[in-house]
Amino acid sequence: MKWSSVKNILLGMLIVMNVFVICALLVQRLSTENIPPVVISAATDTLERGGIICDGSLLPDKYITAQLPGVSFFTPTELSRMFFGSQLAFQPSGTALIARRGDAELIVDGETFTYNSGKAGADANEKQLRRALRQLGLSLRGAQYSEKYNIFCCYYDGHPLFGMYIRAQLSSDGEISSLEACWPELSPAGSVETGVNIISHLPDISEAFPGGGTVSRVRLGYSLSRRRGTDVYELQPAWRVTLEDGRSRIFK
């Protein structure tokens, strides 16, 4: 047999072996990510004993791998330049810092800031609001607008960042009349968390809703936290559980 034929046979065997190994790994990964139905059933039974009725179809049937983006917020200096075009002096007021020029006022309180130009607000649609916010210097990547509540909510990888929002109003000349926001600057994911699931929060859920109730929705998202003793912010996977009576809590 020619050496070239032997090499082709060996190469073909190696390719087949590699495909087999890859398929085996995929099957193993999928089997470990799936949550057995008996676990889902036990979870709903546990909730029911705590007074919470939850259809098993509302609970995820897989362990989730969450991409964790980097997160930062505008400093008071950056916000002053954004709204006033220059660095104004801030005056402390409790936990907040306040800067004023004429009728305009900017209040920065932790991650939240509010601005009021002193001008009357006028009707504006989503497109007009987006244009004005981008001109101001706010990134709206991942922003989804709710016309019902006149608010932009922040999303990453298809999941909401709980508590991250922009509520704005324009004046008749198309400029920002008033604005309230807790809006992050996101950077590409720096870490990954695997095995994310709501099951570990079952005891907390039962305690969070005195009197019990029926779950209408369970949603995965991200919740903001700060490393203890630092100014470094982090996002971590969290779950928002909403009951039919409107009560809602976030668990992380």
Side-chain angles (χ1 to χ4, degrees), residues 66-84 87-88 90-100 104-117 121 124 126 128-170 175-190 217 219-242 246-252:
Q67 306 288 331
L68 303 182
V71 60
S72 62
F73 290 89
F74 292 108
T75 66
T77 297
E78 291 170 330
L79 291 170
S80 177
R81 291 172 179 166
M82 181 184 295
F83 287 100
F84 298 114
Q87 173 60 56
L88 299 187
F90 281 88
Q91 302 297 323
S93 176
T95 62
L97 296 173
I98 303 177
R100 296 184 178 91
E105 178 182 73
L106 171 65
I107 303 175
V108 183
D109 192 351
E111 303 84 42
T112 303
F113 60 93
T114 59
Y115 171 77
N116 194 308
S117 69
E126 178 185 353
Q128 293 169 323
L129 287 167
R130 283 183 177 272
R131 182 170 58 247
L133 292 170
R134 288 197 181 101
Q135 290 175 348
L136 189 64
L138 292 171
S139 171
L140 296 182
R141 185 178 60 179
Q144 295 187 18
Y145 181 68
S146 169
E147 187 173 356
K148 180 179 179 180
Y149 298 105
N150 184 35
I151 192 172
F152 288 94
C153 296
C154 189
Y155 284 74
Y156 179 81
D157 197 27
H159 302 296
L161 275 64
F162 299 129
M164 304 292 105
Y165 69 96
I166 299 176
R167 180 179 287 106
Q169 194 171 18
L170 304 185
E175 296 184 351
I176 298 293
S177 169
S178 63
L179 184 149
E180 177 187 348
C182 181
W183 197 254
E185 288 284 293
L186 300 178
S187 55
R217 189 176 190 185
R219 183 159 198 181
L220 173 65
Y222 295 94
S223 183
L224 184 70
S225 63
R226 181 187 289 184
R227 291 183 190 173
R228 182 175 298 177
T230 72
D231 290 329
V232 178
Y233 293 95
E234 296 177 316
L235 288 172
Q236 60 186 97
W239 300 89
R240 181 167 58 200
V241 177
T242 304
R247 286 181 292 167
S248 180
R249 288 287 299 274
I250 294 173
F251 303 90
K252 59 182 178 178

Value rounded to 0.5 Å, distance of [atom1] in [X] from [atom2] in [Y]:
X      : Y      : atom1 : atom2 : answer
Ser117 : Phe84  : OG    : CZ    : 9.5 Å
Phe83  : Leu136 : CZ    : CG    : 4.5 Å
Trp239 : Phe162 : CH2   : CZ    : 9.0 Å
Ser146 : Glu126 : OG    : CD    : 10.0 Å
Tyr115 : Met82  : OH    : CE    : 12.0 Å
Trp183 : Leu138 : CH2   : CG    : 8.5 Å

Would one find more than 12 heavy atoms of other residues, nucleotides or ligands at under 6.0 Å from atom CZ of Arg217? no

Between Leu129 and Phe152, is the side chain to side chain contact (heavy atoms under 4.5 Å, CB included) condition met? List the steps. CA-CA 10 Å; Leu129 287 167; Phe152 288 94; 3.9 Å; yes

Just by distance, do the side chain of Arg130 and the backbone of Ala143 share a donor-acceptor pair under 3.5 Å?
yes

query: Quick check: does any side chain N or O of Thr75 sit under 3.5 Å from a backbone N or O of Glu78, one acting as donor and the other as acceptor?
result: yes

- Using the side-chain hydrogen bond (donor to acceptor under 3.5 Å, both in side chains) rule, take Gln87 and Thr77 through it: C-alpha gap first, then chi angles, then the decisive distance, then the call. CA-CA 6 Å; Gln87 173 60 56; Thr77 297; 3.2 Å; yes

May I ask you to test the [X]-[Y] pair for a side-chain heavy-atom distance under 4.5 Å?
X      : Y      : answer
Leu186 : Leu161 : yes
Leu106 : Pro76  : no
Leu133 : Ile176 : yes
Arg249 : Val241 : no

Compare every heavy atom of [Y] with every heavy atom of [X], then report the nearest pair and how far apart it is.
X      : Y      : answer
Pro92  : Leu97  : CA-CD2, 4.0 Å
Tyr156 : Gln67  : CE2-O, 3.7 Å
Ala238 : Lys252 : CB-CB, 3.8 Å

| query | Going through the checks in order, is the side chain to side chain contact (heavy atoms under 4.5 Å, CB included) test met by Leu235 and Leu224? | reply | CA-CA 5 Å; Leu235 288 172; Leu224 184 70; 4.0 Å; yes

- [ ] Would you check if there is a donor-acceptor pair between the side chains of Ser72 and Glu185 at a distance under 3.5 Å?
- [x] no

